[in-house]
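Below is one structure; the comments refer to it alone.
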There are 2 protein chains.
Amino acid sequence: MVYRPGRVLSNRAAVIGMNRPTMEDVAERAKVSRALVSLVMNDSPQVSDEKRSSVLQAARELGYRPNLIARILAQQRTHTIGVLVDDLRNPFFGEVVDGIEAEAADHGFRVLILNGHRDARREAEAVETFLQLRVEGMALVGARLDDSDTARVGLAAPCVMVASGAVHSGVDTVGTDDRRGAELAVEHLAALGHTRIVHLDGGANVSAGERRSGYESGMQSAGLGDLVDIRPAGDDEADALGVIDDLLADDDPPTALFAFNDLLAAGALNRLADAGMAVPGDVSLVGFDNTFISALRHLSLTTVNQPTLAMGRLVVSTLLQRLSDGPSEPIRHTLQPELVVRSTTGPPRGGAILSQARPTPR
Amino acid sequence: MVYRPGRVLSNRAAVIGMNRPTMEDVAERAKVSRALVSLVMNDSPQVSDEKRSSVLQAARELGYRPNLIARILAQQRTHTIGVLVDDLRNPFFGEVVDGIEAEAADHGFRVLILNGHRDARREAEAVETFLQLRVEGMALVGARLDDSDTARVGLAAPCVMVASGAVHSGVDTVGTDDRRGAELAVEHLAALGHTRIVHLDGGANVSAGERRSGYESGMQSAGLGDLVDIRPAGDDEADALGVIDDLLADDDPPTALFAFNDLLAAGALNRLADAGMAVPGDVSLVGFDNTFISALRHLSLTTVNQPTLAMGRLVVSTLLQRLSDGPSEPIRHTLQPELVVRSTTGPPRGGAILSQARPTPR
DNA sequence: TTGTAAGCGTTATCAT
DNA sequence: ATGATAACGCTTACAA
């Protein structure tokens with residue numbers, strides 16, 4: 001038997017309870033070698049039933065629990081993918097993560113989640129943590145990292161940006177065609193007869209740029225030149241909502257609002273209600289994401305759908321492909337958005353188009 | 001210098017990219033010992049500036065990144081707390097996690113998040129993963145583990161149940177007085193003159209039991225005996241919402257609904273709108289949690305507030321206390337809920353109380 | 001201040 | 001089928 005010096009029960013270990021029974025302890029109790037215990041734990045077929053059961057019994061008696069950390073170090077595989085979520089409070093991201101976890105589970109991968117708190121610095125830290133933990137791949141869901149950051153990350157580990165909006169160099173991407181989604185929203189409003197359409201900008205959100213340019217091109221192809229983009233000064237796009245009051249007080253106020261996402265649209269709905277404006281009577285409103293919020297009857301928000309679950313699953317399959325294929329040209333998956341018309345959009349007052357039947361007038 | 005056999009670049013390691021530069025590589029390049037590199041990496045004050053900078057340079061040149069897995073194994077400390085979240089799509093949990101992360105960061109702890117998917121089996125697996133990863137403590141946010149499970153977990157690692165509703169043996173708990181919260185809701189409705197108050201039950205949610213009994217005791221002390229508790233058959237409490245239609249078709253229909261949480265209340269609001277019922281004209285409605293959903297003007301849901309951020313921070317400080325004090329009697333922190341009256345509650349039609357001014361009549 | 005070497009708890013290779 | 005033993009990449013006494 002191997003010489004094994006007495007276990008050092010430093011007060012550290014004693015305090016934090018990491019001094020749990022090890023394979024060595026189990027081996028000793030079952031009177032077998034450590035290697036055999038390992039085989040049993042990984043239920044190898046080549047152990048005798050007799051030894052197997054005595055090992056299992058010893059393990060049970062000791063309350064043995066394998067140490068994943070040690071196993072990972074020895075195995076040189078974590079079987080883990082890291083998911084960085086920009087904002088845990090936004091249900092949209094939660095839905096994407098659900099898709100990621102479903103697909104990961106199907107392929108025997110663990111998913112570790114870190115919260116980015118809508119802050120580039122903290123997201124960079126989270127990525128670093130994932131890298132140091134040696135995750136086999138990472139999904140950055142809505143992360144606000146700049147191009148040079150992502151390129152560096154992409155070099156260090158397989159990495160797919162989700163809901164990234166713009167194309168990032170050096171990493172794979174899975175996302176909705178945000179530009180097209182924004183165009184859909186604007187086209188819808190233009191078709192209803194709106195001409196003064198204001199964009200409530202997503203500010204520092206990753207997809208904000210693409211949606212903004214979709215707004216611009218949508219306006220352009222509708223022959224509308226009067227672009228108004230409301231952008232927040234700080235990091236919280238809701239800060240800019242106050243501007244709505246000013247806009248509405250204008251001589252020639254906008255008749256429609258296109259918000260960066262459903263959360264922002266809901267905030268806008270609040271402001272409009274406070275200002276006594278009818279929606280869609282006085283102002284039409286379109287959101288983005290089609291989260292459950294937009295489906296609430298009392299909001300019944302017209303919005304742009306993103307196939308969140310499909311995106312999540314696609315993230316993992318992309319990651320796995322990259323894992324097996326090695327480095328190559330970035331993979332780009334762009335899913336198509338869909339306009340979901342609900343009750344917050346209608347023709348403008350005195351607009352060119354006749355009013356149309358609508359579900360639940362509010 | 002230590003004899004070091006050639007690095008084994010198994011194809012595994014080659015594929016997953018775990019064959020990154022190690023301390024040994026850095027040491028070799030900087031012509032120092034591995035131990036010194038370690039000292040530099042943990043910026044120990046006792047290294048000469050000269051060595052320090054040459055080590056740092058070597059590290060930079062090689063693109064060295066410390067291996068957290070190895071460090072943890074050697075150090076016997078993970079500096080990590082595991083957070084199990086029952087449902088990432090429920091904003092309430094996201095808010096609690098924000099509090100947890102804030103306090104954890106203040107104390108130099110990493111936070112790892114695992115998603116429970118509203119499923120007891122998956123939550124048990126997640127806990128097992130945390131245990132195998134040797135987290136120093138865990139927070140179970142809304143986890144639906146039964147008493148024997150939690151007791152076992154509590155034995156294995158410091159563990160605090162959050163938003164647990166009932167008292168679980170063997171683990172510390174941080175939560176709101178759910179029972180009292182439910183009573184507040186019922187008292188409010190009773191004071192408005194409602195007598196037929198129905199409870200939309202939370203089913204398998206952890207706090208459901210406490211809120212149910214709060215509903216019962218609230219009804220009792222208001223002298224109301226006609227308890228109606230709508231409980232779902234499956235795991236999705238929203239399934240039971242259909243019953244609302246039947247209830248309203250009753251001879252003597254309920255005039256008020258108390259929902260398990262804001263999400264469920266929002267669902268109920270949908271059903272009521274579909275059925276053409278006015279809120280609070282025909283039916284009053286109270287939710288629970290005071291998530292941002294209830295604050296949306298178009299819902300403007302009367303609800304019961306939980307101090308989520310404070311709860312989150314308290315979770316971590318409780319964990320740290322347990323970490324330093326070792327085993328002892330379970331710690332119980334119960335925060336007080338508060339009724340937030342908005343626009344979904346009012347006197348019943350023909351009720352005893354005069355109608356009162358309300359913000360935004362809907 | 002720096003180096004040596006013994007762990008940490010596994011897996012995996014090679015004997016037997 | 002089972003056992004020895006060398007990794008895995010780091011930390012940390014202890015020595016120099």
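Everything quoted here is computed from the prediction, not taken from an experiment.
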Is the closest side-chain donor-acceptor distance between [X] and [Y] under 3.5 Å?
{"X": "A:E136", "Y": "A:H79", "result": "no"}
{"X": "B:N42", "Y": "B:S44", "result": "no"}
{"X": "A:T78", "Y": "A:R134", "result": "no"}

[N] [atom2] sits how many Å from [X] [atom1], rounded?
{"X": "A:M41", "N": "C:dA12", "atom1": "CE", "atom2": "P", "result": "15 Å"}
{"X": "A:Q76", "N": "D:dA7", "atom1": "CD", "atom2": "P", "result": "13 Å"}
{"X": "A:I69", "N": "D:dT11", "atom1": "CD1", "atom2": "C1'", "result": "15 Å"}
{"X": "A:I72", "N": "C:dG9", "atom1": "CD1", "atom2": "P", "result": "15 Å"}
{"X": "B:E28", "N": "D:dC10", "atom1": "CD", "atom2": "P", "result": "14 Å"}
{"X": "B:L68", "N": "C:dC8", "atom1": "CG", "atom2": "C1'", "result": "15 Å"}
{"X": "B:M23", "N": "D:dC8", "atom1": "CE", "atom2": "C1'", "result": "14 Å"}
{"X": "B:E24", "N": "D:dA7", "atom1": "CD", "atom2": "C1'", "result": "13 Å"}

Nucleotide nearest [X] when distance is taken to its side chain, options [options]:
{"X": "B:L39", "options": "D:dT2, C:dC8, C:dT2", "answer": "C:dT2"}
{"X": "B:R134", "options": "D:dC10, D:dT12, C:dT10", "answer": "C:dT10"}
{"X": "B:A35", "options": "C:dA5, C:dA12, D:dG9", "answer": "C:dA5"}
{"X": "B:S48", "options": "D:dT12, D:dG3, C:dT1", "answer": "C:dT1"}
{"X": "B:K51", "options": "C:dT2, D:dC10, C:dG9", "answer": "C:dT2"}

Exercise for the section: Ignoring backbone atoms, test whether A:N67 places a side-chain nitrogen or oxygen under 4.0 Å from the OP1 or OP2 oxygen of C:dC8. Expected result: no
Exercise for the section: Assign each of A:L36 and B:R71 to its nearest nucleotide of DNA chain D by heavy atoms, then name whichever residue's nucleotide is nearer the 5' end. Expected result: A:L36
Practice task
Please figure out whether B:A70 or B:S33 has its closest DNA chain C nucleotide nearer the 5' end.
Solution key: B:S33
Problem - C:dT4 base / B:R34 side chain donor-acceptor hit below 3.5 Å - result: no
Practice task
Considering only NZ, NE, NH1 and NH2 on the basic side and carboxylate oxygens on the acidic side, decide whether B:E128 and A:R65 come within less than 4.0 Å.
Solution key: yes
Practice task
Could you tell me whether B:S38 contacts a base, only the sugar-phosphate backbone, or nothing, with contacts defined as non-hydrogen atoms closer than 4.0 Å?
Solution key: base
Completion exercise
Those residues at least two apart in sequence (or on a different chain) that pass salt bridge (Lys or Arg N to Asp or Glu O under 4.0 Å) with A:R313 are A:E103, A:D106
